[in-house]
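No hydrogens, no waters, no symmetry mates; every other heavy atom, side chains included, goes into these values.
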Amino acid sequence: MRQAGAYSGVMYWKTGPHSLPLARIKKIMKKSGEEVKMISGEAPIVFSKACELFIEELTKRSWMIAMQSKKRMLHKEDVASAILATDVFDFLIGLIFNETAATAGDVGESENISVGC
């Protein structure tokens with residue numbers, strides 16, 4: 001029997017061939033639509049790696065913005081700025097403004113994240 005890492009290029013670490021929980025990924029995949037009924041064992045592994053790459057890229061871009069502001073800690077405002085500054089992340093813009101509106105309601109503020117683009 002072949003292992004996923006043997007042919008997919010997935011590296012093995014202490015936790016196995018992935019660092020994100022495959023069961024959770026599979027659960028999210030099944031929730032994506034009624035049409036999704038069967039998911040192979042390899043699909044969540046590919047999604048896991050894709051998620052890792054996505055997180056790495058967004059973190060790198062967010063960190064560059066934090067460094068430009070002479071900050072040594074990454075804040076959600078830096079992530080929001082990276083999302084707004086990168087066309088590829090446009091699908092996340094609604095998430096930024098929805099979260100800031102919810103946070104502003106809790107704190108009593110009414111402004112969205114200010115971004116100096």
For the [atom1] atom of [X] and the [atom2] atom of [Y], what is their distance to the nearest 0.5 Å?
X: Met29; Y: Leu22; atom1: CE; atom2: CG; result: 10.5 Å
X: Leu74; Y: Met64; atom1: CG; atom2: CE; result: 12.0 Å
X: Ser48; Y: Glu42; atom1: OG; atom2: CD; result: 14.0 Å

Discussion item. Tell me whether the rings of Phe89 and Phe54 are parallel (<30°), tilted (30 to 60°) or perpendicular (>60°).
Written reply: perpendicular
Worksheet item: If two hydrophobic side chains count as joined below 4.5 Å and joins carry through other members, does Leu92 share a cluster with Ile28?
Response: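 Unlinked, Leu92 and Ile28 end up in two clusters.
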Discussion item. Could you see if Ile65 belongs to whatever hydrophobic cluster contains Leu58? Use Ile, Leu, Val, Met, Phe, Trp, Tyr and a side-chain cutoff under 4.5 Å.
Written reply: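 Different hydrophobic clusters.
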For the residue pair [X] and [Y], what are the closest heavy atoms and their distance?
X: Asp78; Y: Ala66; value: OD2-CB, 3.6 Å
X: Val79; Y: Ser62; value: CA-OG, 3.3 Å
X: Ala43; Y: Ile39; value: CB-CG2, 3.9 Å
X: Glu34; Y: Lys37; value: O-NZ, 3.2 Å

Practice prompt. Please examine the side chains of Lys30 and Lys27, heavy atoms only from C-beta on, and report whether any two atoms are closer than 4.5 Å.
Written response: no
Item to complete: Determine whether Glu52 and Ile55 make a side-chain contact, defined as any pair of heavy atoms from C-beta on separated by less than 4.5 Å.
Response: no
Item to complete: Just do the side-chain contact (heavy atoms from CB on, under 4.5 Å) check on Thr59 and Glu56 with the steps written out, would you?
Response: CA-CA 5 Å; Thr59 302; Glu56 286 177 19; 5.8 Å; no
Worksheet item: Can you list the residues that meet the side-chain contact (heavy atoms from CB on, under 4.5 Å) rule with Ile93, with sequence neighbours excluded?
Response: Ile83, Leu84, Asp90, Phe97
Worksheet entry | Check: Lys70 side chain, Met67 main-chain N or O, donor-acceptor pair, under 3.5 Å |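 Flag not set: sc Lys70 to bb Met67 has no pair under 3.5 Å.
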Discussion item. Using modelled atom types and a 3.5 Å cut-off, is there a donor and acceptor pairing between side-chain atoms of Ser81 and backbone atoms of Glu77?
Written reply: yes
